[in-house]
Every structure is written in structure tokens, then in C-alpha cells.
2 protein chains.
Amino acid sequence: MGEPTRNNVHEGTYRVGVDIGGTKIEAVLVDAAGSVAASHRVPARRGAGNVVEDVTALVRTVAGEHLGELAGVGIGTPGQVDSEAGTVSHVVNLDIDTLALGPEVGERLGGIPVRVENDVNAAALGAAQLVPGARGEGTVVFLNFGTGLAAGVIVDGVLQHGFSGAAGEVGHIPIDPNRFACPCGQRGCLETVCSGASVQRLWPADGRPAMPDLIERAHCEQADAVRVLGIVSHAMGDALQIVGQAFDPRVIIVGGGMAKTGEPLLDVMSDELFRREADCPFLKGLHLADRLRLAPVDQPIGALGAALAV
Amino acid sequence: MGEPTRNNVHEGTYRVGVDIGGTKIEAVLVDAAGSVAASHRVPARRGAGNVVEDVTALVRTVAGEHLGELAGVGIGTPGQVDSEAGTVSHVVNLDIDTLALGPEVGERLGGIPVRVENDVNAAALGAAQLVPGARGEGTVVFLNFGTGLAAGVIVDGVLQHGFSGAAGEVGHIPIDPNRFACPCGQRGCLETVCSGASVQRLWPADGRPAMPDLIERAHCEQADAVRVLGIVSHAMGDALQIVGQAFDPRVIIVGGGMAKTGEPLLDVMSDELFRREADCPFLKGLHLADRLRLAPVDQPIGALGAALAV
């Protein structure tokens, strides 16, 4: 390619994606081909003003000399997002009540278009870009086993938000027979048992990641580990049947902090599905276990996906 | 408009839709505007040969002088459908094991394109055409409380089949705490409690429709009716939360035989949702009860939808 013309430059060949987390904010510069050209991260500071300031600075840093060539900025954030308005509210971990995140950041960056997405939706887009076989036509569900449990749903490459932005909020379907109280006010929400945070609560492992420890001890037939893993994997089976039978997706990507458990996590999920399939030809015919994939844990899928959402 | 040219005629201005049921087969002729121009029905006869013969004859009858102008024929049928191949299998009520329904009917009609759809999917398309506010952009879920329980999912006017044709098969998600045995081999499937057939089994009403009788007696505080309605409405609440939170649809159309119960059925569902919302601001914010609509029970939505699927 020769020197880009001024006009081409303003059509924008680069995008920046920002992933706001509870402890860090990460940004990537994504080129026209959808590849990560640069990345940078800073510790997260609490408060709306700090978040706007840090995100803006991070965009400038990661864009570098390409700042003038940005087609737009995408931001993935926890909390309740209104993508139309670019606002986010109830970001408890960062002390944000309500924030016009998109407009505030856009104004500081000279009017660049800014797209704000729910963090799980952004991660879904990023993961679907990187997981083999997840790009292109058909439905892909990204199941995020993080602090909470929620799904991002992509149909033919397009993120599905639903009528009120709640598409994929399967974590608060109250069907777990243990009926633990959920902070949402219901009892027995899936999220009370099989989110990353819930497993950490059900199986405190001295600050170490709970799930690998739980699986290892259950494999050694330690009785309480077998019991707790039974509770967790049952709820995982319910979550997989719900997204599997509602959406019948081509690929189900397992993400969130719990994905760091790696293949043993997929084995637990597959075993639960096989157990359920044993007596049910219909479920067996769906081969849901074959559709499971791990989200890449060593790549900035949240920030990448936020950029792709632009 | 003047006299259509021969060419225009062969592009096809009419479509025929056929709805195969356990007791009757119904066909409609649909004009270019999507309106029903003619309809006809015959009793269903068992056996693959009879079904092919009856469907073919019905298409000829309902198309009449427009037979040469058909753009295609759509057929909605119970059983397991492969829309790509035009085949259907396991139609238990009609003694059909496997049948190349599309190719067989198409051949008898001189090579007209024939589209075969699952009956619930066809009804979803037909209902979405007729229910006020359900056409156009966004997601519409049609929840069919019939012999079984299944959903048809329409996104931006397009039926969603999923990877293996199982999208919307929520009836066999096993989460009902009663854990009744399901013919599918699992226990506690939603379908074991809140399908039309299940309610009829849980509340035998001397051959009369069970749901209106059950609701009426529960309103009169007849103890066993209150208990059974509690079981049924709890499963309905689960089904509504599953489709409501997975898809976040703009409209949820309640169809199937149970829709003949009318407004009292929507009241039962709404009350169950209100009960669940009482302690949960998240669920309350979704206003799922406002999204409920009854499918029209006096119109051939299955046959109309089959035509629209062409």
C-alpha cells in the first residue's frame, strides 16, 4: 500500500477497543484486518471521573500516531449498558452510579464515535473472532462464567441485544434446586451456583482458583469435593441445556475467569451432558459437548471485541 | 395493474401453505400481499402414502385456477423436520417413520418448489404475521403450549432454525422440581407440566379443555385446583423466564391449543411473573408480562406460516 490519502485516513482504518474491568483497564489498537496492532493496560481507579480520564488517556496511548486515523472507539464495561445512549449505570466495583461514558470519552477525543457495550457482549465478539470455527454464519453463544453468569449471543456475526438489552441474561433464571438466595432478589438463580464467584464461595480454596482445586479433589474422590462439584456441574448442565436448546448454537464458547481452568472444565461439562444424554436420544442427538470451546485466556478478547463492536 | 405477462405469472404471485395436524390437514392460498385468498381442510389419514396424496390434492383444490401461478408450497408438519432435504421423520400420530415429504409432493405437482417446516415454526411465522406489533424488526418468540411445549424464534422476520434444527426446543429443558418422567427419557422437563397435554393429564376435566376449568376452579379456591395451577403456572414462569432472558424478545406470542383459554391464560402467566418480580428489580425491569400476546385461535396460522416460509 502507498501513502494513504487524507480522505482514506478519515474513513478510518484503525479502531481502538477498551475493556473496563474491576481491577484493570485494557486497550487494544485493531487494524483494518481485525488484528491487534498494539495493546496497553492500566490499573482501574474508582469513580466516574477517573474512569473517563483513564479510558481517554489509554485510547491516546494505544492509538499513538494513528489517533487521527481511528474509525471509532469501542468500550466494554460491566454494569447496565444502554448502547444507544452510550451510558452505563450500576458499576458497583468502580463506584459508578450513572455515567454518559460514550459521550464523555468521545468529546475528549475530538468527536470520535464511541460505542459502549456490555463487557460480556464485547468478550463474546472478541472470542468469536479468535476461537477456531466460531466466525461467520450461524449462532455462537459465549457463556461467561465470571463474577456473574451471562451469555453473549452472536447470530451471523451480529451481536444480539434483544428488546431491552437483556438478551443472554441466563444467570438470573431461577431453576437451581438448592434455591440459594441471589443478590438479584430471586432464589435459585443459576448464577448462585455456577458463576466463578459462586464456586469460589462454595469451595473456598485459600485464595487459589477454586475450580481447578475442586475438580482435582473430586477426582481423588474427596467426599465434600464430589458433593460440591455435583452441585456446580448440575447447574452448568442446566445452563448448557438452556442455551443449547433455546439457540441451538453452532459453537458454545466457555469464557470468564473460570475458563482459566482449561480442559478439565470442559471435561466436567461434557461429563454432565453425557450423564443427561444417557437416557434421552433427543439430547444425545444434539451432541452439545462437541460444540463446547474454551475462550482464549491469554488474549484480550474483551478489548478486541469492543473494537469489533464499533 | 394491467394483465400480468406470462413471465410475471411464472415468477409466482401466489403461495400455498399446508398445515398437517394429527386430526386434520388444512391448506391456504396466500396472495402476493400475504393475505389468505382461499382455504380448505380435510381429515388427516394415517400413513405416508395417504399424507402425500392428501397434501397434493389439497394444494390443487385450494390453488384452483392459480395452480400454474404458484411460487411454491410450504408445509408445516409435526415430527422431526430436515428443511434442507424436505424430509420428516417420527410423526407418531400419523404412523410416519420417515418421509421425503417435500420431494414427493413437489414431484406430484410438476416440480413446484416445496418447503417443509416444523409445525411450531410455521405457526410462529403465521402468528407473527397476524398479531399486532409482531411484524418487522426485532425478536419474536412464539411459545406453543400444545401436545408438547416448544418455541419458534423469529429474528427480524427470519425464522431461526439453529445449527441442528433444534432452536426453540425449550420443552425438554429438565428443570421442573416435580421431576415427572418425560417420554424423552429425562425427568422434570418443562413439557411434563405445562404443555397442553400435560395439563390435561394433571387436571382431567371429563374431556373438556382442562385449563379453563382449572383456572375457574382455582379462582373459586378449590384446594386441589389451586395446587395443580400452582404447579402448572410455576413451570410456565420458568418457560417465560427462559425465553424472556435468553432472547429478550419484543413480543412473546402464546399459542397452541392452550391459547384457546384466552385472556385468563395470560392473566395466570402475568400473575406468576408479577409474583417473581416482587423481589427482583432486574426481572421487574424487563416487563415481560407486557410482552405477552395471545395467538389468534380462529385463524389458520400454521398454514399461513407454512406459506410464508416459502
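Below, chain A is the first sequence line, B the second, and so on; all start at residue 1. Just so it is clear, the model here is predicted, and its values are computed rather than measured.
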*Ring centres of B/Phe247 and A/Phe163 under 6.0 Å apart?*
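That pair fails the under 6.0 Å test.
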*Of the non-hydrogen atoms in B/Arg276 and A/Gln186, which two are nearest, and what is the gap between them?*
O-CG, 4.5 Å
*Specify the closest pair of heavy atoms between A/Leu286 and B/Ala166, including all atoms of both residues, with the distance to one decimal.*
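Taking every non-hydrogen atom into account, CD2-CB, 3.5 Å.
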Which bit of [X] is near chain A, if near means a heavy-atom gap under 4.5 Å: side chain, backbone, both or neither?
| X | answer |
| --- | --- |
| B/Pro249 | backbone |
| B/Pro174 | both |
| B/His287 | neither |

Taking side chain as everything from C-beta outward and backbone as N, CA, C, O, which of these in [X] sits under 4.5 Å from a heavy atom of chain B? Side chain, backbone, both or neither.
| X | result |
| --- | --- |
| A/Gln160 | side chain |
| A/Ala246 | both |
| A/Arg187 | neither |
| A/Val155 | side chain |

*How many angstroms lie between atom CD1 of B/Ile173 and atom CG of A/Leu283, to the nearest 0.5 angstrom?*
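Here the rounded value is 10.0 Å.
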*If you count heavy-atom pairs under 4.5 Å between each of A/Ser164, A/Gly237, A/Gly185, A/Cys182 and chain B, which one has the most?*
A/Ser164
*Under the 3.5 angstrom rule, does the side chain of B/Glu169 hit a backbone N or O of A/Gln245 as a donor-acceptor pair?*
no
